[in-house]
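Worksheet for the structure shown next.
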Amino acid sequence: MGRTQTDAQTLLERTGQSGRTGRVRALVLSGYGLNCEAETEYAFTVAGAEPVRVHINDLVQRRVALSDFHILTFIGGFAWADDHGAGVILGTKLRRHIGDDILKFVEAGGLVIGICNGFQALVNLGLLPASRRVSSSGPWL
């Protein structure tokens, strides 16, 4: 248990948010075709974090600031029914609207996790493989 608290404190300090709630805040994306929000929130809660479910449109329209979180979570499911491939539309929408914000989040030490098709969205976003970077103009090396 002490190790988890130490790791959490390191994350809070690394992202410059140690004075807020004292807990790691995890943004759990939700939206059309995505699922497992409740299970993901539960897992973060059990681990001692503060999960917040955020609809993708609230993030894209900047009603919620990514910088207020320590972890960005891409959950599973079939975003927009994955008509064009796993995670393509989700990754493209996020890259186009907030790609620079996501890059700043990662560069500031924020963590990103992709579960199931959420991982595919990370690939389509340009965050993976790790040598790639993302911006609103597209992925670059």
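Note that these values count all heavy atoms, side chains included, but never hydrogens, waters or copies made by symmetry.
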Rounded to the nearest 0.5 Å, what separation is found between the [atom1] atom of [X] and the [atom2] atom of [Y]?
X    : Y    : atom1 : atom2 : answer
R23  : H70  : CZ    : NE2   : 11.5 Å
F105 : L111 : CZ    : CG    : 7.0 Å
I102 : H97  : CD1   : NE2   : 11.5 Å

What verdict does the side-chain contact (heavy atoms from CB on, under 4.5 Å) test give for V112 and F74, after you've listed the backbone C-alpha separation in whole Å, the side-chain angles of each residue and the deciding distance to 0.1 Å?
CA-CA 8 Å; V112 180; F74 289 77; 3.8 Å; yes
Determine whether a donor-acceptor pair (N or O, by modelled atom type, separation under 3.5 Å) exists between the side chain of [X] and the backbone of [Y].
X   : Y   : result
S30 : R53 : no
D58 : V54 : no
R25 : P51 : no

Are L27 and L66 close enough that some pair of their side-chain heavy atoms sits under 4.5 Å apart?
yes
May I ask you to check whether K93 and N57 show a side-chain donor-acceptor distance below 3.5 Å?
yes
With T40, which of T45, I75, L34 fulfils side chain to side chain contact (heavy atoms under 4.5 Å, CB included)?
I75
Residue among I56, D101, I89, L72 satisfying side chain to side chain contact (heavy atoms under 4.5 Å, CB included) with L94:
I56
[X] versus [Y], closest heavy-atom pair with distance:
X    : Y    : value
C116 : G76  : CB-CA, 3.9 Å
L90  : A121 : CD2-CB, 3.7 Å
L59  : V64  : CD1-O, 3.7 Å

Stepwise side-chain contact (heavy atoms from CB on, under 4.5 Å) check, F119 with I113
CA-CA 7 Å; F119 183 86; I113 182 172; over 6 Å; no
I'd like to know whether I71 forms a side-chain contact (heavy atoms from CB on, under 4.5 Å) with F44, so could you lay out the CA-CA distance, the side-chain angles of the two residues, the decisive distance to 0.1 Å, and finally the verdict.
CA-CA 10 Å; I71 301 171; F44 277 123; 3.8 Å; yes
